[in-house]
Amino acid sequence: MISVVVITRNEAVNVKRTLESLVDSRISEVIVSDSNSTDNTGEVVRLYALSDKRVSFFSYDNSPFTAARGRNEGVARIKNMSSYILFLDGDMELLPGFLNNAISELENNKDIAAVAGQMHNYFYDDSGYLANKELDVYDLTKNIPGGAFLIRKNLFLNVGGFNSDLVVNEESELFFRLSRKGFLFKRIFTPMINHHTEVPTSGMRLKDRLKDRKITALSKNFIVSLSSPAYFFEFLMKNRYTFLYSLGIIVSMVFVSAGIMNIGVYLLFLIFLFVSFMVKSFRISFNYLVYGFGFLLGLVFDVIDRTKRVILK
């Protein structure tokens, strides 16, 4: 049997679609774990639950409001004797056929802890109209985990679940800990989800990223990585372009503070061209630049926060 944990935060527009997609008879319960939504997400879920007794809803109103914490809170409320947990976000739609292939992978290979499939993105503008779509988002050769996957419940519980403090890359950190115990993550070609989200440049998307500290959140992963040399190296490699920009920004600031601004600006420009060449996209390179600034700013926030905690003690 499968327990489904759906995390939500202001997903009133999308969550009914998510629930309607969970028709597989092997799904024994659906737990909607809400991070203090300010829209009517709760009302939508509770109304749907009247006709589907598998569905339950709960919301918490104290920080941290992270996806990692939302998933952990959902797992803590699992009641049925399920073998697997399916994690979804409240803007995702499960596609037919994925569970069959995912369970087959898990049953045929005991070293695999979790399986994910392919994802299709559907982008909407601020008015709610479909603006663009992107099919087969994942490069399967990279085998990178995301927010949706089917995992063995016993293994998830055995490693203590997600790190609730992480805002981004919480999946990679979870699967790193599983890999240290000899278990693997696998992404298969089978379509898994349709992801309904805002266009990257929409006002709502930018507002959410600023509010949820996603632009500065990589600093928390960096602090966690310092306790494990193996994870630090993996974390560094997966975020190498962000760290390259961060290093460039620091060196540039040194030049600027020394009154040699033109060299600092030129250095950042060279890094921008290099990263653009490597990722074959100016837009993605600019995103890395933004997250490089965010990473450094996040470190400042974290140092201030830790200093306050020490003083208050």
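Every heavy atom of this structure was used, including side-chain atoms; hydrogens, water molecules and symmetry mates were not.
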Exercise for review: May I ask you to decide if E43's main-chain N or O and N40's side chain share a donor-acceptor pair within less than 3.5 Å?
Suggested key: no
Review point. Considering only heavy atoms from C-beta outward, does the side chain of V30 approach that of I27 to under 4.5 Å?
Key: yes
Check your understanding: If we ignore angles and hydrogens, is there a donor and acceptor under 3.5 Å between the side chains of D39 and T41?
Key -> yes
Review point. Is any side-chain heavy atom of T197 closer than 4.5 Å to a side-chain heavy atom of N14?
Key: no
Review point. Are H196 and D91 linked by a side-chain donor-acceptor pair shorter than 3.5 Å?
Key: no
Exercise for review: Taking the side chain as every heavy atom from C-beta outward, state whether T190 and E105 have any atom pair closer than 4.5 Å.
Suggested key: no
Point to revise | Hydrophobic cluster identity match, F277 and L289, side-chain contacts under 4.5 Å | key: yes
Study note, to complete from the structure: Here the gap from D24 atom CG to I2 atom CD1, rounded to the nearest 0.5 Å, amounts to 5.5 Å
Review point. Within the distance-only criterion (no hydrogens, no angle test), does the side chain of T18 pair as donor or acceptor with the backbone N or O of M92 below 3.5 angstrom?
Key: yes
Point to revise | Residues, nucleotides or ligands: over 12 heavy atoms within 6.0 Å of R240 CZ | key: yes
Check your understanding: Can you check whether F272's main-chain N or O pairs, donor with acceptor, with S276's side chain at less than 3.5 Å?
Key -> yes
Point to revise | Non-hydrogen side-chain atoms of E170 and L174 separated by less than 4.5 Å | key: no
**Study point:** Atom pair OG/CZ of S56 and R46 - distance to nearest 0.5 Å
**Key:** 10.5 Å
Review point. Does the pair V32 and V5 meet the rule for a side-chain contact (heavy atoms from CB on, under 4.5 Å), with working shown?
Key: CA-CA 6 Å; V32 179; V5 173; over 6 Å; no
Practice item. In sequence, state the C-alpha distance, the side-chain angles, and the governing distance for F176 and Y231, and then conclude on ring pair (Phe, Tyr, Trp, His ring centres under 6.0 Å). Key: CA-CA 7 Å; F176 170 78; Y231 178 58; 5.1 Å; yes
Point to revise | Between F295 and F222, ring centroids under 6.0 Å | key: yes
Exercise for review: Find out whether the Lys NZ or Arg CZ of R77 is both under 6.0 angstrom from the six-membered ring centre of F58 and within 45° of the ring's axis.
Suggested key: yes
Practice item. Would you please test Y288 and F243 for ring pair (Phe, Tyr, Trp, His ring centres under 6.0 Å) and show each step? Key: CA-CA 9 Å; Y288 282 125; F243 289 130; over 10 Å; no
**Study point:** S28 backbone acceptor or donor facing N80 side chain under 3.5 Å
**Key:** yes
Review point. N121 and H195: side-chain hydrogen bond (donor to acceptor under 3.5 Å, both in side chains), yes or no, with the steps?
Key: CA-CA 5 Å; N121 277 331; H195 180 214; 2.9 Å; yes
Check your understanding: Do we see a donor-acceptor contact under 3.5 Å between the side chains of R177 and N158?
Key -> no
Check your understanding: Going by an N to O cut-off under 4.0 Å, is there a salt bridge joining R71 and E171?
Key -> yes
Review point. Do E73 and S33 have side-chain N/O donor and acceptor atoms under 3.5 Å apart?
Key: no
Exercise for review: Given side-chain contact (heavy atoms from CB on, under 4.5 Å), test F286 with S281 step by step and report yes or no.
Suggested key: CA-CA 9 Å; F286 180 75; S281 170; over 6 Å; no
Exercise for review: Please tell me if the side chains of Y291 and Y241 come closer than 4.5 Å, counting only heavy atoms from C-beta onward.
Suggested key: no
Review point. How close do G90 and T8 get, heavy atom to heavy atom, and via which atoms?
Key: CA-CG2, 4.0 Å
Check your understanding: Hey, does the side chain of S104 reach the backbone of N101 with a donor-acceptor pair shorter than 3.5 angstrom?
Key -> no
Check your understanding: Should F149 and F175 be marked as a ring pair (Phe, Tyr, Trp, His ring centres under 6.0 Å) after you check the CA-CA gap, both sets of side-chain angles, and the distance that decides it?
Key -> CA-CA 12 Å; F149 54 87; F175 287 111; 5.1 Å; yes
Exercise for review: Given side-chain contact (heavy atoms from CB on, under 4.5 Å), test D302 with I223 step by step and report yes or no.
Suggested key: CA-CA 9 Å; D302 288 330; I223 292 172; 3.8 Å; yes
Point to revise | Spatial distance of atom CG (L296) from atom CG (L218) [nearest 0.5 Å] | key: 10.5 Å
Review point. In Å and rounded to the nearest 0.5 Å, what is the CD1 to CG distance from I7 to D34?
Key: 10.0 Å
Review point. Quick one: is the NZ or CZ of R69 closer than 6.0 Å to the six-membered ring centre of Y60, and within 45° of its axis?
Key: yes
Review point. For E93, does its backbone N or O pair with a side-chain atom of S21 as donor and acceptor, under 3.5 Å?
Key: no
Check your understanding: Aromatic ring centroids of F87 and F156 under 6.0 Å?
Key -> yes
Practice item. State, to 0.1 Å, how close F162 and A68 come at their nearest heavy-atom pair, and which atoms those are. Key: CB-CB, 3.7 Å
Exercise for review: Decide yes or no for Y84 and I151: does some side-chain heavy atom of the first lie under 4.5 Å from some side-chain heavy atom of the second?
Suggested key: no
Revision key, fill the gap. What one should report as the nearest heavy-atom pair of S252 and G248 is OG-O, 2.6 Å
Point to revise | Student check: side-chain heavy atoms of L155 and L178 closer than 4.5 Å | key: yes
Review point. Checking R152 side chain against L106 main chain: does a donor-acceptor pair fall under 3.5 Å?
Key: yes
Exercise for review: Look at the side chain of D125 and the backbone N and O of G128, then say whether any donor-acceptor pair between them is shorter than 3.5 Å.
Suggested key: yes
Review point. How long is the span from the CD atom in Q118 to the CG atom in L140, to the nearest 0.5 Å?
Key: 5.0 Å
Review point. Looking at S225 and F232, what are the two nearest heavy atoms and their distance?
Key: OG-CD1, 3.3 Å
**Study point:** Minimum heavy-atom distance between A49 and V55, given as atom pair plus value
**Key:** CB-O, 3.6 Å
Review point. Got V15 and V45 here, is their nearest side-chain heavy-atom distance under 4.5 Å?
Key: yes
Review point. For the side chain of E29 and the backbone of K79, is there at least one donor-acceptor N/O pair under 3.5 Å apart?
Key: yes
Check your understanding: Between R9 (side chain) and S37 (backbone), is there a donor-acceptor pair under 3.5 Å?
Key -> no
Exercise for review: Give the C-alpha distance, both sets of side-chain angles, the deciding distance and a yes or no for salt bridge (charged side-chain N to carboxylate O under 4.0 Å, His left out) between R17 and E11.
Suggested key: CA-CA 10 Å; R17 182 194 295 117; E11 292 292 354; over 6 Å; no
**Study point:** Heavy-atom neighbours of M1 CE exceed 12 at 6.0 Å
**Key:** yes
Practice item. Take atom NZ of K16 as the centre, draw a 6.0 Å sphere, and report whether it contains more than 12 heavy atoms from other residues, nucleotides or ligands. Key: no
Check your understanding: Atom NZ of K186 and atom CD1 of I112: how far apart are they, to the nearest 0.5 Å?
Key -> 5.0 Å
